[in-house]
Amino acid sequence: MAVPLQRPHVVCVLLCCLTTGLSIPDPRQREALIKQEASMQTGGQVVLTDAEQRLDDLLVKMKQEEMAKADFPPSMHFFKARDLIRSSPIFSLLQKMPKGGALHLHDLAIVDVEWLVKNVTYRPHCYMCLTDDRSIRFVFSSQQPKPLLHCSTWMLLEDLRAKMANVTDLDNSIRGNLTLFTDQDPEVAYPSQDVVWKIFEQKFQALWGLVTYVPVFKDYFYQGLSEFYVDNVMYLELRVLLPELYELDGCSYDKAYTLKTYQDVTKQFRANHPDFFGMKVIFTVHRQVNASVMTGVVEEAMKLQKDFPDFMAGFDLVGREDSGKPLWYFRDALSLPADRGVPMPFFFHAGETNLQGTEVDENLLDALLLNTSRIGHGFALPRHPLAKDMSRRRGVALEVCPISNQVMNMVKDLRNHPAAALMSEDHPMVISSDDPGIFGASGLSYDFYIAFVGFGGIRSHVGSLKQLAINSIRYSALSQKQQEEALALWQTKWNKFVSENAF
Ligand SMILES: *[C@@H]1O[C@H](CO)[C@@H](O)[C@H](O)[C@H]1NC(C)=O
Ligand SMILES: *[C@@H]1O[C@H](CO)[C@@H](O)[C@H](O)[C@H]1NC(C)=O
Ligand SMILES: *[C@@H]1O[C@H](CO)[C@@H](O)[C@H](O)[C@H]1NC(C)=O
Ligand SMILES: *[C@@H]1O[C@H](CO)[C@@H](O)[C@H](O)[C@H]1NC(C)=O
Ligand SMILES: *[C@@H]1O[C@H](CO)[C@@H](O)[C@H](O)[C@H]1NC(C)=O
Ligand SMILES: [Zn+2]
């Protein structure tokens, strides 16, 4: 899948000796080395058209202006940088740019929470209760729902709002329960990885009942596709827990129904937007389960993969690596498909950790041993030379989600993100946004901005952007034939984008 890196031969080593007897290095040699090094980065070998070159000149000028400012967004926490990014001309351009696919996203976090607050919680039959630890839960029900353990009595939101003169505070508190984004100082609100992960998982619990009511689920997912579509993303691979969806009378459906619903809504979205390429799902389970539960889930995954061969891309484990079980613990269950000769591509999260040398830190090597197709995050990869080499040689791309890594307290200044170095040597990678709704982002452009401006600095150029977009199709789970179709569609969009923005 990946073209191995061609390192151009050093042709000019002798030049320096030919000039003068002085020991000042030869400027022509220096120039050649700088060029050679720049050509090793992601997109470094891309030959630009005249129009692309003009667009690049414009981008370089914009970047220089951006980097000269006192507040450089990639060096700040995203919550403080978001407004600055929104007003950046580079960001506006990136929003318009056809970015290809977003390959690392989670089901319950792809929609801007504003829509959930203003649209979903205003629908009839929406009940809310307040948990002992001041989080909230939702359920839609035609009658007073059964009480939930460790939660207050269910309150009908319609009644609650009717009694209030001003609902702003209530709506703000609901919003606060659905996203990590805050106007407070993020370093005070989320001082450590332990704290931020605990609160992060609470958001998912609050979202769960709100989103899994059948009519809401369909609209929610359609809304998610729309947000990526307007952000010029044409294809998604979505990691899904396949929650059981429910109706107003409390009855619920199985995982196959949820998968079918995803497929139907995707079809409908494509019918309304023919230039959207589509979606595949990666079935996931929380890594907190034990080995026997995992065996059952893998059996289930094999069945779903058989029933939805084109729509389901494969399997993965979710949840915090540091507090969950390592991949190696699940080796028996995860080898079942290979043992039975059933195709089951893996897309493992691995290396989303700062705990070097622990059992969990071996997830990167174990993911590769289990033949993973891509690596989710791979934040720790540069500290594993062998895993890094295997990932490059096998074309196992990293799904780099910069804003997620920063919000989850892995790295403060995004210029120091490990993928910055990987991008300078064209390591196989794609850029994605993980849980944009929970991080106060949307679509893919914010993360592209960080990768382009923060990782690449002045050096990355239009070729880098082009390569990242192409990577997102080449490293996707699409078949060879589908990839060619998707690339052709992307190329048309790209040409239009370049001609409209290069002056
Ligand atoms: C809520 O969203 C649905 C589906 O997107 C839309 O049809 C409806 O008009 C929206 N309602 C409100 C009150 O915004
Ligand atoms: C409602 O409350 C919010 C926040 O407390 C306040 O900013 C807003 O002006 C109030 N709206 C009205 C109509 O009073
Ligand atoms: C969650 O909602 C509850 C109830 O409205 C509120 O007391 C609490 O402050 C909210 N939490 C956040 C983080 O906004
Ligand atoms: C695994 O977890 C399930 C569900 O929590 C539980 O029923 C089962 O007893 C556990 N099995 C073992 C061997 O611990
Ligand atoms: C990984 O691939 C190798 C080589 O094709 C194969 O022997 C092995 O069974 C695979 N392992 C898994 C867990 O898929
Ligand atoms: Zn993830």
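The figures here come from the full heavy-atom set of this structure, side chains too, leaving out hydrogens, waters and symmetry mates. Atoms within each ligand, like the ligands themselves, are counted from 1 in listed order.
With 3.5 Å as the limit, one finds no donor-acceptor pair spanning the side chains of Tyr329 and Asn290. Looking only at atom types and distance, the side chain of His427 has a donor-acceptor partner in the side chain of Ser391 under 3.5 Å away.
For Phe439 and Phe78, the ring centers sit 6.0 Å or farther from each other.
Using the six-membered ring where Trp is involved, Tyr190 and Phe79 have ring planes that are perpendicular, over 60° apart on the 30 and 60° scheme. By the 30° and 60° cut-offs, the orientation of the rings of Phe269 relative to His273 is parallel. Aromatic ring orientation, Phe221 versus Phe217: parallel (interplanar angle below 30°, classes split at 30° and 60°). The aromatic rings of Tyr253 and Tyr257 lie parallel to each other, their planes meeting at an angle below 30°, with 60° marking the opposite boundary.
Nearest non-hydrogen protein atom to atom 11 (N) of ligand 1 is Asn119 ND2, 2.9 Å. The nearest heavy-atom contact from the protein to atom 13 (C) of ligand 5 is Leu370 CD2, 3.8 Å. In this structure, atom 2 (O) of ligand 5 lies nearest to the protein heavy atom Asn371 ND2, 2.3 Å. For atom 5 (O) of ligand 1, the closest non-hydrogen atom on the protein side is Trp115 CZ2, 4.1 Å. Of the protein's heavy atoms, Arg134 NH2, 3.0 Å lies nearest to atom 7 (O) of ligand 3.
The ligand atoms of ligand 3 that sit less than 4.0 angstrom from a heavy atom of Leu130 are 3 (C), 4 (C). For ligand 1, the atoms closer than 4.0 angstrom to any heavy atom of Asp219 are 4 (C). Residue Ala338 has at least one heavy-atom neighbour below 4.0 Å for each of these atoms of ligand 5: 12 (C), 14 (O). Of all atoms in ligand 3, listed by their number and element, those nearer than 4.0 Å to a heavy atom of Ile136 are 2 (O), 4 (C). Residue Gly176 approaches ligand 3 through these ligand atoms, each under 4.0 Å from one of its heavy atoms: 12 (C), 13 (C), 14 (O).
Within a 6.0 Å radius of CH2 in Trp208, more than 12 heavy atoms belonging to other residues, nucleotides or ligands are found.
Distance remark: protein heavy atom not present below 4.0 angstrom from atom 9 (O) of ligand 1.
The CG atom of Leu245 sits 9.0 Å away from atom NZ of Lys218, with the distance rounded to the nearest 0.5 Å.
By the 3.5 Å distance cut-off applied to N or O atoms, Asn177 is counted among the residues near ligand 3. Considering backbone and side-chain atoms together, Ser135 places no N or O closer than 3.5 Å to any N or O of ligand 3. Among the atoms of Lys203, none of the N or O lies under 3.5 angstrom from an N or O of ligand 3.
Contact check on Glu237 versus Lys280 returns no salt bridge, with no Lys/Arg side-chain nitrogen under 4.0 Å from an Asp/Glu carboxylate oxygen.
The part of Arg123 lying near ligand 1 is the side chain, judged by heavy-atom distances below 4.0 Å.
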